[in-house]
Amino acid sequence: MRALTLVVMLALVLGGARDVEPAESPAVLLERAHQAYRQGRFPDALDAARRAAQGAPRSRDALLARGTMAEFMGEFDEAARAYGDAIALAPNDPALHYALASLAVRLGDYDRALRELDTIFKSQPWPAQLLFRYAPASVQKRLMATNRVLAQLVQLQVDILMEKGDLGAARQTAWRYAIVEPGRDYCGESKGPDASRVSRDERFTRLRLATLAQPTAGDCIWWYGQYLTDDGYMRLGRLIVTEALKHGDSEERKQPGYRYVRSRLAGGSEVPKRAESLFLAARQRYLRDGDVDGAERLLDEALRVAPSFVRPYTMKARIAQDAGNPDAALQWLRRGLEADPDSWRTLHNLGRSLLELERWEESERALVKAVQLFPEDMEGRLRLARALYAQGKFDRYAAETRNAIQIARGWSRGSAVAGAATFLEKFDRWGPGAAPPPAPDVEPLLGYGQD
Amino acid sequence: MRRLLALLGIAAVAALATPAHALEVYRWIEGATVVYSDQPPQSGGVVLTSLPGREPLPVVIAPDAPPADAPPVEAAPAETAAVPPPPEPDVIVRAGSATVDEILELSGMRPQLPGIVRALGAEYLPPAGQLSEHDTALIGQIVARHFAPARLYAIIRDDFRRRVDQKGLDSMAVWFRSPIGRRITALEIAASRPEVAPKIGAFAAGLKTSPAPASRLELVQRLDWVTGTSHEATELGLSIAGSVARAAAASAPAERRARVGLVERRVEEMRGQMAALVGQNVLAQMLYIYGPLSDAELKEYVDFLASPPGRAYGRTAHNALLHVVREVADRTALEVLRAVPPQRWVSAQKAAGATAPR
C-alpha cells in the first residue's frame, strides 16, 4: 500500500514538475535552431526548428527554418508542407518561392520550379523586370550584382535547364546573364598552377563554369561529370558525361566513357531525382551525423521510389558492415547487383567484403569483374591479387600486382602500393611466403570515389 | 619453433609487463597419450613435469643432438655468442610414428606456450599502481583464468589433430627429431627466457652501428618470409588491441556506443604502423637468436620451413594459435572491462597521470 502511495506521489510530483517547467518561446527555439545549424548539429537544428514552428504556426521565419532544415535532412515532404504553409502566410515573399523552387529541383519537379521562378520574377519591380528581359549582357552583369533575387533566380534556372538535359539553353542563359564571361578560359583556370591548391568546391565551380562557357572543352566537361558522379548526382552526372563523350575524337577513345556510364551511372537507366536526393541526404545523415535510423529510413524510401538505383544498396551494406553484420552487408550488395549487375562500386565492395571473410573464390569472381569495368582500380587489383594468392594462383597474383603497381605509379600513388611492391619483390626472389600480400586502401581516381 | 618469434614480436610492440601470477601445468601419461592439465591427475598417475619449469616433455626419440654449446661452423657475431644454450632435454626415447604432442614439444610450441600466453595476457594488466590493488588482482584473476596455458594447449593440440594427418606428422618429425632441428629449438627456447630480453634489446640497438652481414640478413629475411613471423606477431597484437577496443565500445552507453564495424576499421588502421615496428624487431631478434648458427645451418632451417612439411607445420601452428588467441581475447577483454569499467581506468589514469589500459 505504501509502495502504491509512493508511486502515485511520484507521478504527481514529476507530472507537476513537467507542467511548471518554463516553456521555451518560439523565438528562442528558432535562435537555437540557427545556432545548432551553424555549429553543425543538424539533427538538433531540425528538432528546434520543428518545435519553433509548432509553437508559432503563423510565423513565416519559423516555418521557413523548419522547411530549410527538413530539406537539408532529406525530409522533403515535411519541407514542402512547411514552405507551403509559409507561402500561404506571405504569398509575395520571394525567399519562400525560391526555397520551394529549389526543393522542386531537388525532387525533379522542374515545371513546378519554373512556375515558382516565374512568381519570383513577377514580384520584382517593373524596371528590373524590363532590364532582365531586354538589356544586353553587359547590363545584366550590373543587374545581377545589385539584385540578389534575380541573381539567384538565374542560377537556379541554369541548374534546371542542365538537369532537364538542355545544355544549349543553359549555356545561352549563362552567357545572357553574365554568369560566364566571353573569352575567359575557365577550363584552363581549372587546370592551372593553383588548381591543386584550391578547394574541391572551388574546383567544382570552375569546372561547372567551363562546361557552361566552353562547349568544346571536352576534358573539363568530362571531369565535371566525374565530380558530379562522385557526389552522387546521377542524373546530371550522366548528362554531362554523355555531353563530354561528344567530344571524343574516335569511337575507340570513347570506349572508357561508355564503360564509365555503364559502371558508374546505371547505364542508360534514369534514376528518379527524388531517389537521388534521398540517397544524398541519407549518406550525409549517416556519415556526418551518425544518424543510423534516419539514414536507413531515407534509403528505404529511396529504394521504394527507385528499386533499380544501386547506391542505396551499397550504402545499406556499408551501414550493416559498420554494425558488425557482414552477412547482411553481403546480402545488400548482392541485391544491389541484381538491380545493377554492372555497378563497379558494388562489385568492388562485394569482392572486398568476401575477401575479409576469406571467401577467396567468390571474392575473385567479383573483383575480376570489377577490374574489367574499371581497369585502373588499383585497390581492386591488389585485393584480387590477394584472393588469387590465397588460392595458390601465384602467376595471376604476380600479374595483377604488377599491373596495380604500374597503374599506381602512373597516377602518383606509388607510395600507397610500396608495401605491395616490396612483397612482390620477395615473392619473385623466394617464392610464396606464409603471410598474405598486403591489400592497402588506395586513394581512388576522380569519378570513382565518395561512395 | 616460430612461436617464440611471435611472442617476441608482441613483446617488442607492447613492452610487456610480466604478470604476478604463476601458471601451473601438469603433464602425465595415460596409455600412449601425454596429458596436459592445470590440475594434477586424479588417477594418481605419475606426474612428469610441472610448469613453469620449461623442461621439454620426455617423449621423443632421436639421435642425440650435439651439445647446444658446440661451436658453430662459421664464427657468429660476438654479440650473439652470449646466448646461453638450454640444458639438454632429459628425453625418453620412442621411435616410430610421430604424435601431435611430440611435434608440439620438439618444435618448441609447447615449452614456449606459457611464455607466449603470459605475454599476451599481460596486455590486459594495468601498469603498476594505476588501479587499486583490488582491481588489479581482479583483472589478474580473469586473465589467468582465460589465458591458462593448459587449456590453450589442449585447443591448439586438437586443432593440430584435425588438420594434420599421420603422414604429415611423420614428415615434420624428420626435421624436429634431427640434431640440427633440436639444437635450433633449444636456441629458441633459451632466447624466450625473460632474462634474455634485455640482451636482445641491446643487441638490436647495436645493429645500428654494426649491422649484420648481408648474407645473414638475407637469410633471416627469408626466414621471416617463409614463416610469416612478423605477420603473425602483428595479427596477435591486433587481436588483443581489437578485443579491448570492442569491449570498450560495448561497455559504452548505447547512445555513445561506436559501431562494431567502425571499431574494427579503426583497429585495422593500426596494422601498417604495427607491422612496420614488429617487422624491424623480429628481424633483430632473429639475428640474435640464430647468431650461434652458421649460415649453412640457418639455411638448412629455412629450407625446411620452406618445404611442404615445414610450411604445413607453420600454417597449422599459425592458424591454431591465432584462432585460440582470438577466441580467448574477446572473452577476456569483455570480462575485464565488466569487472573494472573503462571509467575506473580513465579516472585512475587521470589521478595518476598514467597510461591508458593497453
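A, B, ... follow the sequence lines: proteins, then strands. Residue 1 opens every chain.
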Got more than 12 heavy atoms from elsewhere within 6.0 Å of [atom1], [X]?
| X | atom1 | result |
| --- | --- | --- |
| A/Glu361 | CD | no |
| A/Trp411 | CH2 | no |
| B/Asp165 | CG | yes |
| B/Lys299 | NZ | no |

Practice item. Tell me, out of A/Gly290, A/Gly419, A/Pro432, who's got the most heavy-atom pairs with chain B below 4.5 Å. Key: A/Pro432

Point to revise | Best-contacting candidate, A/Gly324, A/Pro326, A/Gly433, A/Gly431, against chain B by heavy atom pairs under 4.5 angstrom | key: A/Gly433

Rounded at 0.5 Å granularity, tell me how far [atom1] in [X] sits from [atom2] in [Y].
| X | Y | atom1 | atom2 | result |
| --- | --- | --- | --- | --- |
| B/Glu268 | A/Asp441 | CD | CG | 9.0 Å |
| B/Arg222 | A/Arg429 | CZ | CZ | 10.5 Å |
| B/His231 | A/Phe423 | NE2 | CZ | 9.0 Å |

Check your understanding: Sub-3.5 Å donor-acceptor pair from the side chain of B/Arg259 to the main-chain atoms of A/Ile319, do we have one?
Key -> yes

Which atoms of [X] come close to chain A, meaning under 4.5 Å heavy atom to heavy atom: side chain ones, backbone ones, both, or neither?
| X | answer |
| --- | --- |
| B/Gln221 | both |
| B/Glu269 | neither |
| B/Arg311 | side chain |
| B/Arg265 | side chain |

Revision key, fill the gap. For A/Ala434 and B/Gly228 the tightest heavy-atom approach is CB-N, 3.5 Å

